[in-house]
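Protein chains get the first letters and strands the later ones, always in sequence-line order, with residue 1 at the start of each.
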Amino acid sequence: MPELPEVEVVRRGLERWVAGRTVADAEVLHPRAVRRHLAGADDFVHRLKGHRIGTPARRGKYLWLPLADSGQAILAHLGMSGQLLVQPPDAADEKHLRIRIRFADDVRTELRFVDQRTFGGLSLHDTTDDGLPDVIGHIARDPLDPLFDDEAFHQALRRKRTTIKRALLDQSLISGVGNIYADEALWRSRLHYDRPTTGFTRPRTTELLGHTRDVMNAALAVGGTSFDSLYVNVNGESGYFDRSLDAYGREGEPCKRCTTPMARRAWMNRSSYFCPKCQRAPRIS
DNA sequence: ACTTACTCCTGCACGC
DNA sequence: TGCGTGCAGGAGTAAG
């Protein structure tokens with residue numbers, strides 16, 4: 001499940017292997033992979049050809065490849081199971097290969113978008129003055145963005161009538177956090193996922209943001225989390241952070257702080273993992 | 001205006 | 001063994 005650290009690992013791989021190269025041709029093998037490109041697959045392919053790729057950028061879980069001198073960018077979201085792979089042209093097609101992009105140079109690699117569950121996809125969009133694809137203007141800056149505004153986030157939390165994990169997953173408040181890193185940051189902060197945000201104090205928000213950044217940076221340092229082997233970097237390699245998870249996926253295992261068995265609750269069509277002792281439920285639930 | 005629920009999709013781990 | 005069921009869940013959109 002690619003979240004911010006995993007997407008950043010992919011972005012770095014693209015920066016190394018794809019930036020500066022010119023698109024020769026592209027091939028869309030599954031229309032759903034370009035569903036956010038409203039003009040359709042043929043238009044997507046046609047408009048890519050001949051453009052040179054600039055430095056890959058990222059906000060939260062979105063990443064994009066600017067197309068030099070065009071005012072446009074290829075926007076990518078990996079969804080649940082999307083992979084961007086740099087492969088030799090003669091490597092066998094992956095079972096779930098959705099899009100192939102070939103380059104006009106002598107480097108013997110092509111870019112492939114592979115996606116089992118097809119929640120992800122690529123699309124082409126105009127970029128705004130700050131280089132952001134226009135369709136992701138509603139996505140908040142992420143906690144590793146130097147321009148992320150901690151105070152504005154704190155005030156937004158207090159304004160909202162919501163609970164803390166909902167807020168962490170709300171990409172218009174803070175981006176890049178998904179189910180895994182939300183549970184990890186909450187465990188480190190000793191916060192229950194259902195705690196209302198209304199009464200959050202500034203120190204509490206500051207601590208939570210600190211833990212969010214810490215856990216993301218730690219994951220980034222070891223190549224991200226590959227919980228179910230669906231996430232890999234552009235070379236097809238897994239990250240190692242799954243071994244360092246303190247909360248996610250640890251139902252029944254001892255809390256690493258207090259040894260109480262970790263609990264799992266069905267929550268918003270997914271799961272929340274937490275320590276029932278360290279992360280007390282709010283009084284009114 | 002704001003919050004919540006639904007929906008898309010495939011493969012795998014289950015239990016009977 | 002084979003089949004049905006549940007689960008993984010990001011984010012746009014519809015509904016409340």
Heavy-atom distance under 4.5 Å between the side chains of A/T197 and A/T163, does that happen here?
no
What string of B, S and - do you get for nucleotides 11-16 of chain C, 5' to 3', if B is base contact, S is sugar-phosphate-only contact and - is no contact with any protein heavy atom under 4.0 Å?
SS----
For nucleotides 9-14 of chain B, give me one character per nucleotide, 5' to 3': B if any protein heavy atom sits under 4.0 Å from the base, S if the only such contacts are to the sugar-phosphate, - if neither.
BBS---
Once you round to the nearest 0.5 Å, how far does [atom1] of [X] lie from [atom2] of [Y]?
{"X": "A/E253", "Y": "A/Y273", "atom1": "CD", "atom2": "OH", "value": "10.0 Å"}
{"X": "A/R58", "Y": "A/S175", "atom1": "CZ", "atom2": "OG", "value": "7.5 Å"}
{"X": "A/D142", "Y": "A/E3", "atom1": "CG", "atom2": "CD", "value": "12.5 Å"}
{"X": "A/H37", "Y": "A/R47", "atom1": "NE2", "atom2": "CZ", "value": "4.5 Å"}

Let me know the distance between [atom1] of [X] and [atom2] of [N], rounded to the nearest Å.
{"X": "A/R35", "N": "B/dT7", "atom1": "CZ", "atom2": "P", "answer": "16 Å"}
{"X": "A/W267", "N": "C/dG9", "atom1": "CH2", "atom2": "C1'", "answer": "11 Å"}
{"X": "A/E3", "N": "C/dA8", "atom1": "CD", "atom2": "C1'", "answer": "12 Å"}

Stacked cation flag A/R250 on A/W187, 6.0 angstrom / 45 deg:
no
Within 45 degrees of the axis of the six-membered ring of A/F200 and under 6.0 Å from its centre: does A/R204 put its NZ or CZ there?
yes
Which protein N or O atoms sit under 3.5 Å from an N or O of nucleotides 2-5 of chain B?
{"residue": "B/dT3", "atom": "OP1", "partner": "A/R161", "partner atom": "N", "Å": "2.9"}
{"residue": "B/dT3", "atom": "OP2", "partner": "A/K160", "partner atom": "NZ", "Å": "3.1"}
{"residue": "B/dA5", "atom": "OP2", "partner": "A/R166", "partner atom": "NH2", "Å": "3.4"}

Please find out if less than 6.0 Å separates the ring center of A/H192 from that of A/F274.
yes
Go through A/T127 and A/H125 one step at a time and tell me if the side chain to side chain donor-acceptor pair (under 3.5 Å) criterion holds.
CA-CA 6 Å; A/T127 51; A/H125 302 280; over 6 Å; no
Checking A/S272 against A/R265: is there a side-chain donor and acceptor pair closer than 3.5 Å?
no
